[in-house]
Amino acid sequence: MSNSSLKTLSQIRLIPGAMSDLFAQVSSSGRITLADQYGLMAALLEEELAEQERASIDRLLYALKRGRLKVVREISAK
């Protein structure tokens with residue numbers, strides 16, 4: 001990854017409360033979109049991520065690993 005890509009990713013900020021919304025949407029649909037993936041990246045780049053948010057990310061990653069979520073190449077869920 002180039003330096004400019006890393007700089008752009010470091011400028012992404014998570015909207016307050018977005019992690020719980022993202023977790024609920026992905027959990028209910030069983031699909032993770034491109035926008036969801038960028039939301040997760042933004043959350044992981046946050047230095048002061050709440051413990052509950054980190055636990056939600058861990059649960060989503062575990063579901064991905066177990067094949068319980070489908071990665072889709074769409075911008076948002078329909």
Asker: What are the two closest non-hydrogen atoms of Ile75 and Leu34, and how far apart are they?
Answerer: CD1-CD1, 4.0 Å
Asker: Is atom CZ of Arg59 surrounded by more than 12 heavy atoms (other residues, nucleotides or ligands) closer than 6.0 Å?
Answerer: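 Yes.
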Asker: Between Phe23 and Glu53, is the side chain to side chain contact (heavy atoms under 4.5 Å, CB included) condition met? List the steps.
Answerer: CA-CA 9 Å; Phe23 179 77; Glu53 292 172 327; over 6 Å; no
Asker: Taking atom CD of Glu74 and atom OG1 of Thr33, what is their separation to the nearest 0.5 Å?
Answerer: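 Output value for this atom pair is 8.0 Å.
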Asker: Hey, quick one: are Tyr62 and Leu44 part of the same hydrophobic cluster, counting side-chain heavy atoms closer than 4.5 Å, chains of contacts allowed?
Answerer: no
Asker: Closest heavy-atom contact between Asp36 and Leu22?
Answerer: O-CD1, 3.5 Å
Asker: After noting the C-alpha distance and the side-chain angles of Gln52 and Met19, does the key distance pass the side chain to side chain contact (heavy atoms under 4.5 Å, CB included) rule?
Answerer: CA-CA 9 Å; Gln52 181 180 359; Met19 191 61 230; over 6 Å; no
Asker: I need the minimum non-hydrogen distance between Gln37 and Ile32, along with the two atoms involved.
Answerer: NE2-O, 3.8 Å
Asker: Sub-3.5 Å donor-acceptor pair from the side chain of Asp58 to the main-chain atoms of Ala55, do we have one?
Answerer: no
Asker: Hey, does the side chain of Ser27 reach the backbone of Ala24 with a donor-acceptor pair shorter than 3.5 angstrom?
Answerer: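 The answer is no, because no donor-acceptor pair under 3.5 Å joins these two groups.
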Asker: For the side-chain contact (heavy atoms from CB on, under 4.5 Å) test, which of Val26, Leu45, Leu60 pairs with Leu40?
Answerer: Leu60
